[in-house]
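Per chain, numbering begins at 1; letters A, B, ... match sequence-line order.
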There are 2 protein chains.
Amino acid sequence: MLVAPERSARVAEIVDEARELLEREGPEGLTMRRLAEAVGIRAPSLYKHVQSKEHLEALLMAEAFRGMGAELHEAITGARKGRSATTALAEVGRAYRRWALAHPHLYRLTTGGPLPRERLPEGLEAWTAEPVVVAVGGDPDRARSAWAFAHGMTILELDDRFPPDADLDAAWTAGIGALGEPGGRARPSRPARG
Amino acid sequence: MLVAPERSARVAEIVDEARELLEREGPEGLTMRRLAEAVGIRAPSLYKHVQSKEHLEALLMAEAFRGMGAELHEAITGARKGRSATTALAEVGRAYRRWALAHPHLYRLTTGGPLPRERLPEGLEAWTAEPVVVAVGGDPDRARSAWAFAHGMTILELDDRFPPDADLDAAWTAGIGALGEPGGRARPSRPARG
DNA sequence: GTCTATATTGTGATAGAC
DNA sequence: GTCTATCACAATATAGAC
């Protein structure tokens with residue numbers, strides 16, 4: 001009488017171990033052999049639960065989208081309680097950076113390279129990005145600018161591309177301040193406040 | 001009586017073939033075997049000229065910095081002839097994007113991951129970035145914002161992360177317009193023009 | 001400076017017994 | 001669903017002859 005769950009508890013366990021392994025040892029540490037060892041079985045047995053490593057990675061990406069998305073939604077929900085739109089973008093940016101720095105390898109896996117969209121739950125990617133769109137007021141071009149800025153800042157920080165003395169908080173503030181400001185030179189359609 | 005050149009013609013030839021191989025077939029195509037084949041020798045012979053693959057990659061990165069830097073410097077030199085500072089940033093952004101799209105794999109190699117700075121000519125990285133600093137008026141925080149934005153837009157475009165219907169020109173314009181605008185909310189120290 | 005031969009290490013994945 | 005055994009493949013790099 002029970003409907004079979006789409007993903008068995010075993011698969012959930014495998015994905016869970018894979019995530020921990022990835023975060024602990026980086027992408028080179030995530031091999032099917034080591035994953036099997038972490039789960040407590042032999043490598044070939046993994047393939048009874050997961051079609052391929054690429055499918056496993058897609059499951060990890062979905063996890064990442066859900067985790068990061070939850071924090072971004074939380075950030076904008078908190079920010080909208082009586083604060084301005086500019087502050088909302090700052091809050092979302094902070095949450096974005098915080099999540100990425102807390103899960104660097106998962107972030108890299110999910111954002112570094114093309115997305116296997118056909119293997120991800122429909123709508124998940126859009127749901128994760130939604131807070132950014134809301135925070136900039138709905139303009140898709142501005143949303144893409146902001147998302148590119150956030151990703152650029154984040155990945156450059158993760159890759160240690162900034163000089164050691166760089167003030168990254170200041171760079172974030174400068175970028176968010178500029179991008180969150182409606183009525184910038186590029187989009188004079190809406191009158192600036194004041 | 002001749003002073004030995006630091007890098008032999010053979011090394012130059014190897015780096016040249018490596019660059020073409022990388023651009024033609026991507027990072028997985030750049031193996032020591034295939035590179036040797038392209039040069040016309042056997043793989044082990046490469047190691048008489050190049051210490052390791054990582055050293056070879058550092059040479060490729062230096063090439064990339066020089067190539068991209070030349071275009072960025074050209075862009076800002078052209079732009080400063082009688083145009084405004086905002087236009088200068090737009091010109092540099094255009095040159096940045098153009099160079100990256102023309103050399104996607106070289107761009108990825110050079111910007112994706114930590115830099116082996118100890119293997120790069122001193123000052124080369126800073127020279128390449130200089131036009132961005134100049135274009136934003138010298139503020140290092142704004143320069144880092146702009147550089148992060150440009151890198152984010154570029155790598156997301158290369159990785160096909162934007163929806164097919166996204167207007168990337170518009171996103172670039174929105175971002176450059178906002179970041180190139182002095183006196184944004186984040187940095188009110190300079191009075192806005194007008 | 002080039003060669004042949006090889007070391008060493010790793011990967012993802014499959015067949016088929018139980 | 002797990003196992004043993006193994007395939008098929010690729011990589012960087014070194015030794016030592018010429």
Side-chain angles (χ1 to χ4, degrees), chain A residues 2-61 105-106 108-110 112-114 116 118-119, chain B residues 2-61 105 108-109 112-114 116 118-119:
Chain A
L2 275 178
V3 175
E6 249 194 77
R7 281 167 201 157
S8 69
R10 201 60 159 154
V11 170
E13 187 191 351
I14 289 172
V15 172
D16 226 59
E17 291 285 357
R19 201 191 56 220
E20 281 184 29
L21 193 56
L22 174 65
E23 280 304 347
R24 203 170 56 241
E25 313 198 8
E28 282 114 52
L30 179 59
T31 71
M32 297 304 268
R33 288 189 219 282
R34 301 185 72 155
L35 174 57
E37 189 184 7
V39 174
I41 60 180
R42 306 289 157 176
S45 306
L46 286 175
Y47 291 89
K48 298 287 182 179
H49 305 94
V50 168
Q51 266 196 39
S52 70
K53 195 187 183 187
E54 291 194 343
H55 281 78
L56 171 70
E57 285 175 342
L59 293 175
L60 284 172
M61 291 181 197
H105 293 299
L106 209 46
R108 265 191 253 259
L109 174 72
T110 308
E118 72 285 359
R119 287 180 192 149
Chain B
L2 276 178
V3 174
E6 250 192 78
R7 283 168 201 158
S8 69
R10 200 62 159 154
V11 170
E13 186 191 351
I14 288 171
V15 172
D16 227 58
E17 291 284 358
R19 203 190 57 221
E20 282 185 27
L21 193 56
L22 174 65
E23 281 303 347
R24 203 170 54 241
E25 312 198 8
E28 283 113 50
L30 180 58
T31 71
M32 297 304 266
R33 288 189 219 280
R34 302 186 71 155
L35 174 56
E37 188 185 6
V39 174
I41 61 180
R42 305 290 156 179
S45 306
L46 286 175
Y47 292 88
K48 298 285 182 180
H49 304 95
V50 168
Q51 267 194 40
S52 69
K53 196 188 181 184
E54 291 194 344
H55 281 77
L56 171 69
E57 286 175 341
L59 293 176
L60 283 172
M61 291 180 196
H105 294 298
R108 266 191 253 259
L109 174 73
E118 72 284 0
R119 288 181 191 147

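- Considering only side-chain atoms of B/Tyr47, the nucleotide from C/dT2, D/dT12, D/dT2 that sits closest is D/dT12.
- Contact annotation for B/Ser45: base contact, defined as any heavy-atom pair under 4.0 Å involving a base atom.
- The pair B/Glu25-B/Arg34 meets the salt-bridge criterion, since a charged nitrogen lies less than 4.0 angstrom from a carboxylate oxygen.
- Nucleotide D/dC3 holds its P atom 12 Å from the NZ atom of A/Lys48, rounded to whole Å.
- Along DNA chain C, the nucleotide nearest B/Ile41 and the nucleotide nearest A/Glu54 are compared for position; the residue whose nucleotide lies closer to the 5' end is B/Ile41.
- Rounded to whole Å, atom P of C/dG12 lies 14 Å from atom CD of B/Glu28.
- One interatomic measurement links the two molecules: CZ of A/Arg42 to P of D/dT2, which rounds to 12 Å at whole-angstrom precision.
- Close to C/dT11, at under 4.0 Å from its OP1 or OP2, lies no side-chain N or O of A/Arg34.
- In this structure, A/Arg33 reaches the bases: a heavy-atom distance under 4.0 Å links it to at least one base atom across the strands shown.
- Between the side chain of A/Glu23 and the main chain of A/Leu106, a donor-acceptor pair closer than 3.5 Å is present.
- Among the nucleotides C/dA13, D/dT2, D/dT12, the one closest to any side-chain atom of B/Met32 is D/dT12.
- For B/Glu57 and B/Arg119, the salt-bridge test fails: no basic side-chain N is under 4.0 Å from an acidic carboxylate O.
- If you check every strand for non-hydrogen atoms under 4.0 Å, B/Lys53 touches sugar and phosphate atoms only.
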